[in-house]
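Structure first, then comments.
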Amino acid sequence: NGKVDDAVREYQTALDYETDAGEAWQAHNNLGAIDMQMHRLPEALAELNAAISLNPGSSLSLMNRGLIEYTQHDLEAARRDLFQSAAITPNPQSYFWMGRVLEDEGKLPAASEAYSWALRLDPGAREIQSRLDALQKKR
């Protein structure tokens, strides 16, 4: 409902009293997402690291951490997290961002393959198609 400060307060309170690792993971993951939206990347990274320590198989947490790492130009870490995210739960966003990382690394055939996988999962995604088209013109 647009009440970000209230949501943060509720998640932090939940963590103070939480005894279930699954619910703690959810709170850390959601706090990380809020911090990402508010452009508080160090805080988001800390929350996502906490979420991943509780649930290393969380595709969503890994993808979000990969996005932060990409933003911080840590391409190796971003590639690792995005690859793991896509391996756990194939989704167009992980493949798209993996393509971006690979493209930035100059690995154009691999980037093209990642974009193609993203399009298989979301055939109508115009942004993904545009990236793939632009990449194919470079080759």
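Under the 4.5 Å side-chain criterion, counting only non-hydrogen atoms from C-beta, T71 is in contact with L41. In this structure, L48 and M36 have side chains that are in contact, with non-hydrogen atoms separated by less than 4.5 Å. In this structure, the side chains of H28 and L54 come closer than 4.5 Å at one or more pairs of heavy atoms. Side-chain contact between D104 and Y70 is present, with at least one heavy-atom pair separated by less than 4.5 Å.
In plain terms, the two heavy atoms of I68 and A44 that are nearest each other are CD1-CB, 3.6 Å. Across all their heavy atoms, M63 and S94 have their closest contact at SD-OG, 3.4 Å. Considering every non-hydrogen atom in both L119 and A125, the closest pair reads CD2-O, 3.7 Å. Of all heavy-atom pairs spanning S85 and N91, the tightest one is OG-ND2, 3.9 Å. Smallest separation of non-hydrogen atoms from N29 and A51: N-CB, 3.8 Å. Between S116 and L132, the shortest heavy-atom distance links the atoms OG-CD2, 3.9 Å.
Put simply, CG on D35 and CG on N30 are 11.0 Å apart, with the number rounded to the nearest 0.5 Å. Interatomic distance, CG of D133 versus NZ of K138, reported as 12.5 Å (0.5 Å rounding). Expressed to the nearest 0.5 Å, how far CG of L102 lies from CG of L82 amounts to 9.0 Å. Interatomic distance, CZ of R100 versus CG of L75, reported as 11.0 Å (0.5 Å rounding). Within the model, atoms CD of Q93 and OG of S59 stand 9.0 Å from one another, a figure rounded to the nearest 0.5 Å. Summarising the geometry, atom OH belonging to Y95 is positioned 14.0 Å from atom CG belonging to D122; distances are rounded to the nearest 0.5 Å.
Side chain of S130 to backbone of R126: a donor-acceptor contact under 3.5 angstrom is found. For the pair S58 (side chain) and N55 (backbone), a donor-acceptor distance under 3.5 Å is absent.
Within 6.0 Å of the CD atom in E113, the count of heavy atoms belonging to other residues, nucleotides or ligands does not exceed 12.
Criterion: ILVMFWY side-chain heavy atoms under 4.5 Å apart, direct or through other members. Under it, L62 and L121 are not part of a common hydrophobic cluster. Both W117 and F83 are part of a single hydrophobic cluster, where members link through side-chain heavy atoms under 4.5 Å apart. Residues W97 and I88 do not share a hydrophobic cluster, clusters being chains of Ile/Leu/Val/Met/Phe/Trp/Tyr side chains in contact below 4.5 Å. In the hydrophobic cluster analysis, where Ile, Leu, Val, Met, Phe, Trp and Tyr join through side-chain heavy atoms closer than 4.5 angstrom, I34 is grouped apart from I52.
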Check the pair K107, E103 against salt bridge (charged side-chain N to carboxylate O under 4.0 Å, His left out), reporting the backbone distance first and the verdict last. CA-CA 6 Å; K107 299 174 182 174; E103 191 175 346; over 6 Å; no

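A salt bridge does not link R131 with E127: none of the charged nitrogens is closer than 4.0 Å to a carboxylate oxygen. Ion pairing between R65 and E69 holds under the 4.0 Å rule for side-chain N and carboxylate O. At a threshold of 4.0 Å, the pair E47-R40 does not count as salt-bridged, since none of the basic side-chain nitrogens sits closer than that to a carboxylate oxygen.
Inspection of the S61 and W25 side chains reveals an N or O donor paired with an N or O acceptor under 3.5 Å.
A tilted orientation is assigned to the rings of Y115 and F96, their planes being inclined by 30° to 60°.
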